[in-house]
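Sending over a structure as structure tokens; questions will come in a sec.
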There are 2 protein chains.
Amino acid sequence: MARVTLKDVARRAGVTTATVSYALSGKRPISEATKQRVMEAIAELDYVPDLNARGLSMRDSKLIGVVVPQTEPGERLMFQNSFYSEVLGSIEYYARQQGYHILISATDANESYLTLAKQRNLDGIIVIGMYPDEFYQQMKKTQIPIVLIDSYCNDHYYHNIRIDDAYGSYLATRYMLECGHTRIAFFAGQMKENGVMKKRLLGYQQALEEFHVPYQREYVFEGQIDYTSGIALADRLMDQGLPATGVVAAADILAIGAAKGFFERGKRVPEDYSLIGFDDVEIAQYLTPGLTTIRQQISLKGQKAVELLLKHIEDPSLPKQEEILPLQLVVRGSVKKLNG
Amino acid sequence: MARVTLKDVARRAGVTTATVSYALSGKRPISEATKQRVMEAIAELDYVPDLNARGLSMRDSKLIGVVVPQTEPGERLMFQNSFYSEVLGSIEYYARQQGYHILISATDANESYLTLAKQRNLDGIIVIGMYPDEFYQQMKKTQIPIVLIDSYCNDHYYHNIRIDDAYGSYLATRYMLECGHTRIAFFAGQMKENGVMKKRLLGYQQALEEFHVPYQREYVFEGQIDYTSGIALADRLMDQGLPATGVVAAADILAIGAAKGFFERGKRVPEDYSLIGFDDVEIAQYLTPGLTTIRQQISLKGQKAVELLLKHIEDPSLPKQEEILPLQLVVRGSVKKLNG
DNA sequence: AGATATTATTTAATCGGTTAAATTATTCAC
DNA sequence: GTGAATAATTTAACCGATTAAATAATATCT
């Protein structure tokens with residue numbers, strides 16, 4: 001079954017390819033009669049335009065690139081965690097609604113992504129997460145519209161969709177404090193300067209200060225953002241014999257790992273340790289007990305990113321925007337009330 | 001920054017575009033000297049070939065389509081569940097290694113995917129899950145190489161990567177029985193004729209039979225494959241006052257939901273109900289208690305699918321293959337030993 | 001009816017590559 | 001040094017679309 005092309009349609013309708021093209025795009029007037037015949041031919045031949053060919057002359061691709069951090073080629077390969085999966089799903093959904101497809105590429109954010117952008121003529125790119133400065137510099141040069149998600153890159157060139165990370169962990173920590181906890185540990189991923197984790201630490205500190213609880217460095221534990229790291233941090237906390245009664249985790253994944261770490265050593269949540277997460281990934285509500293956490297509307301992030309990107313693609317003069325999405329404390333069963 | 005094309009490179013190297021093309025592809029002999037100059041020009045101009053244009057003449061796209069079941073456009077949009085995410089991640093990884101990109105499209109598996117395949121000139125397609133017969137009929141007509149994952153479609157036209165689902169739940173149920181359970185409920189997703197869920201039910205029945213435990217219809221609960229359905233099924237089981245001591249779930253997701261359902265009504269796993277899952281998704285090991293389950297090597301599925309697909313793309317005469325990947329019981333803490 | 005304006009359609013170039021066939025340059029044998 | 005064989009390069013057509021410019025067909029006006 002060979003490909004059906006414009007030429008085939010044209011022949012069948014007794015016109016020229018130009019006529020078919022115009023009939024389809026409406027960029028030139030075409031008489032009702034011919035339009036009719038063209039449409040019939042299209043239906044009869046089951047013609048579908050080739051987007052590559054079209055892209056070649058129109059200089060677009062209807063393709064949106066999505067950059068997510070590279071996963072280690074370990075035993076399990078996946079879109080790193082449920083947070084990414086959810087954003088990706090959302091991006092795919094909204095992009096598709098508008099006739100775009102997404103090209104996901106897990107990457108080290110090195111030159112390779114730039115190559116992809118050129119190879120495939122991407123119409124736009126959504127970058128999830130934080131990368132080295134160099135990466136942003138290079139991306140900028142491509143002139144391709146870009147929207148960042150969850151980045152504190154301060155280059156005014158980029159659109160940005162994010163949350164107020166400091167405020168989120170402030171909310172989390174405050175809730176812990178309100179429940180009567182004062183010896184509260186903080187579990188975080190790698191804290192890079194000006195990164196998401198650093199901001200979340202800031203919120204933790206702010207809440208402590210507000211409640212006149214002195215900030216103590218040894219209550220802060222730094223690891224990676226994955227389950228095993230959560231376990232490891234819990235282990236370290238217990239090993240050090242720190243008299244903490246609660247843990248504020250900078251990500252649900254860390255919290256879940258921590259709960260597991262406690263469990264393995266006979267400690268229970270929330271009886272022995274109270275626990276609060278961040279993100280409200282889907283699984284959080286199905287844990288036992290349910291994970292109290294800070295909800296961010298993950299799929300809204302994807303939606304907003306797509307909307308903004310497409311708006312920019314249509315209107316390249318669109319001024320750079322930063323959108324900060326709302327957060328919300330979700331109380332479930334992982335924090336014990338020490339008071340009332 | 002306008003696009004750098006072959007023509008630019010050719011001009012710079014003082015040759016023709018054909019020469020550059022041949023120098024790059026090696027399909028015709030080109031003198032070392034010119035090859036040298038061409039490579040220099042490419043480096044200096046930072047030239048990257050346009051895959052669309054190339055695809056247009058070569059009639060390929062270096063694009064692999066991946067079909068996953070459509071997610072409802074509900075509040076949370078995602079790649080349905082962690083199982084899909086993991087397969088997708090794996091597919092993306094291995095495809096990229098070979099210079100292919102993947103085009104994921106959540107779809108109802110209706111005509112729309114066929115359109116995509118034509119529009120984008122997909123080199124091959126990987127279809128995850130089970131779809132209506134009609135879908136397979138249509139896909140066949142495209143002549144595009146296709147590999148199915150987890151399908152019992154018996155059309156000999158397709159390659160197939162799957163597991164022995166019946167054997168998996170047989171293993172699960174047998175373990176339950178070996179632990180001394182006899183009143184064992186079975187939680188499943190929608191059971192379509194010749195579908196994965198139906199096969200898994202079969203394995204459950206086989207194990208019961210082997211242990212001379214009579215199969216009772218009211219011990220089988222059917223829902224959807226998602227967390228909330230797991231909760232709902234647990235509720236139904238408890239509502240009916242069924243004296244079950246264990247539950248074999250046909251998917252980890254269902255098991256996790258079930259554990260939550262029990263928990264909400266004061267019942268504990270494994271004290272009150274033993275629980276065994278199926279898949280061994282990443283989260284299974286981090287639950288409290290860890291979920292005993294049947295492990296399938298999820299990312300191996302993706303890897304095999306990619307390998308097989310690319311092999312077929314290279315050699316269209318490749319005879320259709322069916323590969324059945326191994327399963328393995330993973331004992332963690334969610335099943336209580338009633339005996340010894 | 002003839003000149004003019006308007007509408008519909010076609011011609012032909014183009015997008016960025018590949019490639020069969022033709023041409024030019026080089027090597028080799030005698 | 002000449003002719004034949006071989007190697008290197010170029011010419012030009014093509015992939016499947018779009019589109020500016022040219023042309024043909026139709027409508028409008030006096």
Side-chain angles (χ1 to χ4, degrees), chain A residues 1-39 41-42 45-63 99 115-123, chain B residues 1-39 41-42 45-63 99 115-123:
Chain A
M1 235 181 27
R3 200 150 188 0
V4 176
T5 75
L6 246 206
K7 212 183 277 182
D8 300 319
V9 174
R11 191 177 312 125
R12 175 120 186 176
V15 293
T16 280
T17 62
T19 305
V20 178
S21 179
Y22 287 131
L24 240 33
S25 69
K27 293 187 180 172
R28 290 281 152 104
I30 295 291
S31 74
E32 268 312 315
T34 22
K35 205 176 285 180
Q36 196 70 34
R37 267 184 305 138
V38 167
M39 291 310 177
I42 288 179
L45 297 175
D46 202 11
Y47 166 76
V48 176
D50 181 317
L51 293 186
N52 282 355
R54 171 178 291 172
L56 194 53
S57 32
M58 306 255 282
R59 16 202 75 245
D60 71 2
S61 63
K62 296 293 174 188
L63 236 33
T115 302
L116 175 63
K118 289 186 187 176
Q119 282 180 329
R120 298 281 185 193
N121 257 296
L122 301 181
D123 288 350
Chain B
M1 233 181 28
R3 199 149 189 2
V4 176
T5 75
L6 246 205
K7 213 183 276 179
D8 300 321
V9 174
R11 191 178 311 125
R12 176 117 185 181
V15 294
T16 279
T17 62
T19 305
V20 178
S21 180
Y22 287 132
L24 239 34
S25 68
K27 294 186 181 172
R28 289 283 151 106
I30 295 290
S31 74
E32 269 313 315
T34 17
K35 206 176 283 182
Q36 197 69 35
R37 268 184 305 137
V38 167
M39 290 312 176
I42 287 179
L45 296 175
D46 202 10
Y47 165 76
V48 176
D50 181 317
L51 292 186
N52 283 354
R54 171 177 290 172
L56 194 54
S57 33
M58 305 257 280
R59 16 201 73 244
D60 72 1
S61 63
K62 295 292 172 190
L63 236 34
T115 302
L116 174 63
K118 289 186 188 176
Q119 282 180 328
R120 297 282 185 192
N121 257 296
L122 301 182
D123 289 349

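Labels below follow one simple rule: chain letters A, B, ... track the order of the sequence lines, proteins then strands, and each chain is numbered from 1.
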* Given C:dC15, D:dT19, D:dA8, which nucleotide is nearest the side-chain atoms of B:K7? ->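 Selected nucleotide (nearest to the side chain): C:dC15.
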* Asked: For A:Q36 and C:dA8, what is the distance between atoms CD and C1' respectively, to the nearest whole Å?
  ->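 So the two atoms are 16 Å apart, to the nearest Å.
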* Check: B:V20 and B:V15 side chains under 4.5 Å, non-hydrogen atoms ->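 Sidechains of B:V20 and B:V15: in contact.
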* **Given C:dC15, C:dT18, D:dC15, the nucleotide with the shortest approach to the side chain of A:L56** =>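 Of the candidates, C:dC15 comes closest.
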* Asked: Is there a side-chain contact between A:R54 and B:Q119, using heavy atoms and a 4.5 Å cut-off?
  ->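 No, their side chains stay 4.5 Å or more apart.
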* Asked: If you find the nucleotide of DNA chain D closest to B:A53 and the one closest to A:T17, which residue's nucleotide is nearer the 5' end?
  ->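 This one resolves to B:A53.
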* Identify which nucleotide among C:dG17, D:dT19, D:dT10 has an atom closest to any side-chain atom of B:P49, counting heavy atoms from C-beta outward. =>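 Side chain of B:P49 sits closest to C:dG17.
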* **Interatomic distance, A:R37 CZ vs C:dA8 C1' [rounded to whole Å]** =>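 Interatomic distance, CZ of A:R37 to C1' of C:dA8: 12 Å.
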* Residue met sooner reading DNA chain D from 5', once B:A18 and A:T19 are mapped to nucleotides ->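 First, find each residue's nearest nucleotide; the 5'-ward one identifies B:A18.
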* Got a donor-acceptor pair under 3.5 Å from the side chain of A:Y22 to the base of D:dA17? ->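 A donor-acceptor contact between them is absent.
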* Asked: Of the nucleotides C:dA8, D:dA21, C:dG17, which one has an atom closest to the side chain of B:L6?
  ->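 Comparing C:dA8, D:dA21, C:dG17 against the side chain of B:L6, the answer is C:dG17.
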* **Among D:dA8, D:dT10, D:dT18, the nucleotide that comes nearest once only the side chain of A:M58 is considered** =>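 Out of D:dA8, D:dT10, D:dT18, the nucleotide with an atom closest to A:M58's side chain is D:dT18.
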* Whole-Å distance between D:dA17 P and A:L51 CG? ->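 In whole Å, D:dA17 P lies 9 Å from A:L51 CG.
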* Asked: Looking across every strand, which nucleic acid part, if any, lies under 4.0 Å from B:T16 by heavy atom: base, sugar-phosphate, or nothing?
  ->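 Base: the residue B:T16, judged by heavy atoms under 4.0 Å, touches a nucleobase.
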* Asked: Pick the nucleotide of DNA chain C nearest each of B:R54 and A:E32; which residue has the one closer to the 5' end?
  ->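 Between the two, 5'-proximity favours A:E32.
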* Nearest-Å distance, CG (B:N121) to P (C:dG16)? ->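 About 19 Å, once rounded to whole Å.
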* Asked: What is the distance, rounded to the nearest whole Å, between atom CG of B:L24 and atom P of D:dT9?
  ->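 Nearest whole value for this atom pair: 14 Å.
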* Which nucleotide, D:dA21, C:dT19, C:dC15, lies nearest any side-chain atom of A:R28? ->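 Shortest atom-to-atom distance from the side chain points to D:dA21.
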* Asked: Nearest to the side chain of B:Y47 - C:dG17, C:dT10, D:dT10?
  ->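 Closest nucleotide among those given: C:dG17.
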* To do: Would you tell me if any nitrogen or oxygen in the side chain of A:K27 comes within less than 4.0 Å of OP1 or OP2 on D:dT18?
  =>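 Negative; the distance criterion is not met.
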* Asked: Given C:dG16, is OP1 or OP2 found less than 4.0 Å from the side-chain N or O atoms of A:R59?
  ->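 Yes, such a contact exists.
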* Rounding to a whole Å, what distance do you find between B:D50:CG and C:dG16:P? ->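 Roughly 7 Å, once rounded to whole Å.
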* Under-4.0 Å side-chain N/O to phosphate OP1/OP2 contact, A:S25 with D:dT18 ->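 Negative; the distance criterion is not met.
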* Within the distance-only criterion (no hydrogens, no angle test), does the side chain of A:S25 pair as donor or acceptor with the backbone N or O of A:S21 below 3.5 angstrom? ->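 At least one qualifying donor-acceptor pair exists.
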* Indicate whether OP1 or OP2 belonging to C:dT18 is found under 4.0 Å from a side-chain N or O atom of B:S57. =>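 For B:S57, the contact criterion (side-chain N or O under 4.0 Å from OP1 or OP2 of C:dT18) is not met.
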* May I have the distance from B:R120 (atom CZ) to D:dG16 (atom P), rounded to whole angstrom? =>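 Value for this atom pair: 17 Å.
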* **Backbone N/O of B:K118 and side chain of A:R3: donor-acceptor pair under 3.5 Å** =>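 The answer is yes, because a donor-acceptor pair under 3.5 Å joins these two groups.
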* To do: Find the distance A:I30:CD1 to C:dT10:C1' and express it as a whole number of Å.
  =>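 Those two atoms, CD1 and C1', are 10 Å apart.
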* To do: Answer yes if the side chains of B:T19 and B:T16 hold a donor-acceptor pair under 3.5 Å, and no otherwise.
  =>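 No - no donor-acceptor pair under 3.5 Å links their side chains.
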* Side chain A:N121, main chain A:D60, donor-acceptor under 3.5 Å ->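 Answer holds: no.
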